[in-house]
Amino acid sequence: EVEMVKAESDVSDGLTLESVRDSLIRQEDSIVFSLIERARFPLNAPTYDPSYFSMPGSYGSLVELVVKQTEAVQAKAGRYENPKEHPFFPDDLPLSQVPPHKYPRVLNPAAVFVNVNKKIWDVYFNKLLPLFVAPGDDGNYASTAARDLECLQVLSRRIHYGKLVAEVKFRDEWKYYEPAIRARDKKTLMDLLTAPAVERAVKKRVAKKARILGQEVKVGDDIDENKGKYKVDPAVVSKFYGDWVIPLTKDVEVQYLLHRLD
Ligand SMILES: C=C(O[C@@H]1C=C(C(=O)O)C=C[C@H]1O)C(=O)O
């Protein structure tokens with residue numbers, strides 16, 4: 001018996017629905033914490049205004065400069081060799097300068113190009129930011145852009161984790177997925193991969209994390225005294241997850257599955 005179990009785990013790459021879900025839960029901490037860090041600054045509109053500064057190379061806004069240049073450095077350091085990482089500006093990225101790392105081949109390489117970062121960029125700046133930061137301008141534009149970059153990267157990682165979710169679900173139920181993939185039937189794929197109870201739990205948990213991670217901690221203070229004084233609004237985080245983070249993750253899942261048999 002023991003022998004058989006061992007032999008079986010030797011051929012697998014360790015991907016299970018449980019491990020994927022555990023990772024998504026852990027990434028919630030990073031996302032909530034990054035939003036809290038960004039919310040320490042007001043909107044700081046000049047960060048996003050292309051006319052605020054100009055420099056040779058036409059980077060657009062300050063936040064674009066910071067994201068593009070950081071991605072260029074991180075590309076050299078090998079970040080985008082990792083199939084779990086996706087750049088916001090994939091064009092003209094420099095090549096990795098480091099010796100290649102052998103990432104386990106888990107995902108179908110035919111779907112490497114699936115990248116919804118344009119959408120994440122749009123949703124983060126236009127839908128989320130105005131809801132969770134205070135209006136105003138304190139001049140800290142460089143720090144603001146750095147915090148935005150952090151938020152964008154953790155959101156992108158979480159949403160593109162949909163590729164791993166889809167892979168593991170496909171393996172578990174390929175008999176149902178295969179015909180839908182061959183028929184290019186997105187609706188059936190969406191129905192197959194949707195777990196409403198899990199989604200409800202995710203939304204509740206992120207609200208709770210926003211309450212816990214975003215409270216003022218004072219020595220001798222009772223938690224309840226801080227009611228309503230959170231660093232990010234738990235309802236905004238929960239709604240953002242329900243309206244955008246989960247749907248975009250599922251979008252990535254469907255796009256991945258459409259290429260699973262390529
Ligand atoms: C990630 C999963 O797949 C889907 C996407 C979810 C999400 O983005 O959080 C949650 C449940 C599912 O509808 C999962 O089943 O865990």
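When a ligand or atom number is given, it counts from 1 through the structure's own listing order. One-based numbering along the sequence shown. None of these values were measured; they are calculated from a predicted model.
- Considering only non-hydrogen protein atoms, atom 6 (C) of ligand 1 sits nearest to I246 CG2, 4.0 Å.
- Nearest protein heavy-atom neighbour of atom 12 (C) of ligand 1: A195 N, 3.4 Å.
- Annotation for K208: atom NZ does not count as buried by contact number, only 12 or fewer foreign heavy atoms lying within 6.0 Å.
- Clustering ILVMFWY residues whenever any of their side-chain heavy atoms sit less than 4.5 angstrom apart, transitively, puts V154 in the very cluster that holds W121.
- Within the model, atoms CG of L17 and CG of D172 stand 6.5 Å from one another, a figure rounded to the nearest 0.5 Å.
- The distance criterion of under 3.5 Å between nitrogen or oxygen atoms is not met by L17 with respect to ligand 1.
- Scanning the protein for heavy atoms near atom 16 (O) of ligand 1, the closest one is R21 NE, 2.6 Å.
- The atoms of ligand 1 that sit less than 4.0 Å from any heavy atom of L193 are 3 (O), 4 (C), 12 (C), 13 (O).
- For atom 11 (C) of ligand 1, the closest non-hydrogen atom on the protein side is E199 CG, 3.4 Å.
- Aromatic ring pairs are classed by plane angle as parallel below 30°, tilted from 30° to 60° and perpendicular above 60°; the pair H86 and H160 is parallel.
- Annotation: Q97, atom CD; neighbour count of heavy atoms from other residues, nucleotides and ligands within 6.0 Å is above 12.
- Using a 4.0 Å cut-off to heavy atoms of V198, the atoms of ligand 1 that qualify are 10 (C), 11 (C), 16 (O).
- Proximity to K250 (heavy-atom distance under 4.0 Å) selects the following atoms of ligand 1: 5 (C).
- In summary, E216 and K229 do not engage in a salt bridge, as defined by a charged side-chain N under 4.0 Å from a carboxylate O.
- Taking every heavy atom of V165 and a limit of under 4.0 angstrom, the matching atoms of ligand 1 come to 1 (C), 2 (C), 3 (O).
- For the ligand labelled ligand 1, residue R158 lies inside the 4.0 Å heavy-atom shell.
- Put simply, OG on S30 and NZ on K209 are 9.0 Å apart, with the number rounded to the nearest 0.5 Å.
- Of the protein's non-hydrogen atoms, the one nearest atom 5 (C) of ligand 1 is E253 OE2, 3.5 Å.
- Salt bridge annotation for D122-K118: absent, with no cationic side-chain nitrogen under 4.0 angstrom from a carboxylate oxygen.
- Using modelled atom types, no side-chain atom of R79 and backbone atom of N82 make a donor-acceptor pair closer than 3.5 Å.
- Close approach of ligand 1 to T249 (heavy-atom distance below 4.0 Å) involves ligand atoms 8 (O).
- Listed by number with element, the atoms of ligand 1 under 4.0 angstrom from any heavy atom of L24 are 1 (C).
- For the pair K169 and ligand 1, the shortest N or O to N or O distance falls below 3.5 Å.
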